[in-house]
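Heads up, the thing below is written out as structure tokens.
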Amino acid sequence: YSTFPMSPKWKKEDVTYRILNYTPDMLQADVEEAIAKAFQLWSSVTPLRFTRLHSGQADIMISFAAGFHGDFYSFDGPGGTLAHAYPPSSGIGGDAHFDEDENWTKFTTYDGYNLFLVAAHELGHSLGLGHSNVFGALMYPIYTARDTRDYRLPQDDIDGIQALYGPPRESPALPTTALPPQESTEMTPAEAPTEMSPREEPTETTPSKAPARPEDCDPHLTFDAITTLRGEILFFKGSYVWRKSPYFSEIEHDTISSFWPSLAGGFDAAYEVDKKDRVIFFKDDQYWAVSGYNIEPGFPKPIQNLGFPTSVRKIDAAVHDQNTKKTYFFVGNKYWSFNENTQSLERGYPRKIAADFQGIGHIVDAALQKNGLFYFFHGANQYEVDVKSKKLIRIMKNNSWFNC
Amino acid sequence: FPVVPEKEKDMQFAKKYLQNFYDFKEEKDSLFKSKNLNHMADKIREMQSFFGLEVTGELNHKTLDMMKQPRCGIPDIRS
């Protein structure tokens, strides 16, 4: 590996980034996911944390442009130079530019360049790394198409970036200085419990009339279930749904019956099998399968159809791992792994949650996978976990997804 | 216009590549053309060494192919 002359680096751990524009080659959501995944590569092996800004000046400004684009290094049309980025410093320092004359893609096909791979390389420069002459290293100057589904940072790159910033902190990477509230809903150490405590029964009163929808930014907001659905995220509580779409900045407020009139509220768990365009809802000892607005015929079915013993009366939370095609079901302080291909629970389960998900104590209210990371919700907090490195990354308020 | 012979075109491409990524500076006013060629041969050696190619200082096929690969715009060697 190499660094730039004088080894410039960011003198802080909280680095901001902003996506200034998009390539027409890809969905905006795919661009955002590629960039976020690229940042996660680097944050997972350093103490660095990256926060995305939607306006103003960020440390790392990301943009697409062709030919001359305002700096001294014009792009050269299709092929040749794909992108470039500047080492850490003020102004243009850290910025990453991508050549719009290339065909950008989220796949690893051979008729386009995988944006995640190129972005991960360029962000290496934005953090202070130069090129590596180790073939196969991410910082090798020549683009090499490779499978990105379970992409792990090569050791040479880890050595390089840790020479600049050191390894990740042991404890969950909580901000040492809280970012201004509008920038982050991460908790200060004083607030953040180190582990999930046994379920605190929500002290909900039994109101005589239908409970009003809690405020989006209520710091005590809890959820019954959460799932992705065709690129969006749905948060369920009682009969209410909060809908977060990558296409609109606002959170949409709906009721379950507005999507699935025959489904009553109060889901216990929900998850999406993206490859089948199918979402599964759980309530008590039954489950439903829907595709979009359509409930599949023959539902509800008893959860024992999935292989659960009769001792299991309800599911607390469920989440499908798009990488491994396994679904995790959380019941009390244990969890099961379900193979979506064979449609059967895997052997060797149930296992204790705490054994495999660092920092996650007992009950999981809801679970979500987004951009390769897992989010476990318990009470008013969510725990961001990298299951590959089994690392608890940070603890945030549940409603960090609602731009609070 | 006269067609630039392939060899000359490759030489131009290589020169630009070495300027972009290996800090090659051609001395425009040098009276001795050979001086520039030696300097360029040194830079070719530097690039061949970086990519683990056989270090010959000559613009052979393998070296030219490597130069034509899609890549990052940041120099490999910088002053």
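Order of the sequence lines fixes the chain letters, A, B, ..., with proteins taken first and strands second; residue numbering starts at 1 for each chain.
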Next on the checklist: Once you measure the plane-to-plane angle for B/Phe50 and A/Tyr140, does it fall in the parallel (<30°), tilted (30-60°) or perpendicular (>60°) bin?
Outcome noted: parallel
Next on the checklist: If you define the side chain from C-beta out and look only at heavy atoms, does anything of A/Tyr113 sit under 4.5 Å from B/Pro70?
Outcome noted: yes
Next on the checklist: Under 4.5 Å from any heavy atom of chain A, what part of B/Met66 do you find: side chain, backbone, both or neither?
Outcome noted: both
Checklist entry - Considering only heavy atoms, which portion of B/Tyr17 lies under 4.5 Å from any heavy atom of chain A: side chain, backbone, both, or neither? => result neither
Next on the checklist: Counting only non-hydrogen atoms closer than 4.5 Å, does A/Glu102 touch chain B with its backbone (N, CA, C, O), its side chain (CB onward), both, or neither?
Outcome noted: neither
Next on the checklist: Taking atom OH as the centre, does A/Tyr165 end up with more than 12 heavy-atom neighbours from other residues, nucleotides or ligands that are less than 6.0 angstrom away?
Outcome noted: yes
Checklist outcome for this item: Looking only at heavy atoms, the pair that brings B/Ile74 and A/Ala85 closest together is CD1-O, 2.9 Å
Next on the checklist: Testing the basics here: between B/Cys72 and A/Thr81, what is the closest heavy-atom pair and its distance to 0.1 Å?
Outcome noted: C-CG2, 4.4 Å
Item to check | Residue B/Lys16 excluded, over 12 heavy atoms near NZ under 6.0 Å | outcome: no
Item to check | Structural part of A/Ser132 lying under 4.5 Å from a heavy atom of chain B | outcome: backbone
Item to check | Least distance between heavy atoms, B/Pro75 atom then A/His131 atom | outcome: O-ND1, 3.5 Å
Checklist entry - Which value, rounded to the nearest 0.5 Å, describes the distance between A/Ile142 atom CD1 and B/Met67 atom CE? => result 10.5 Å
Checklist entry - More than 12 heavy atoms of other residues, nucleotides or ligands under 6.0 Å from NZ of B/Lys62: is that the case? => result no
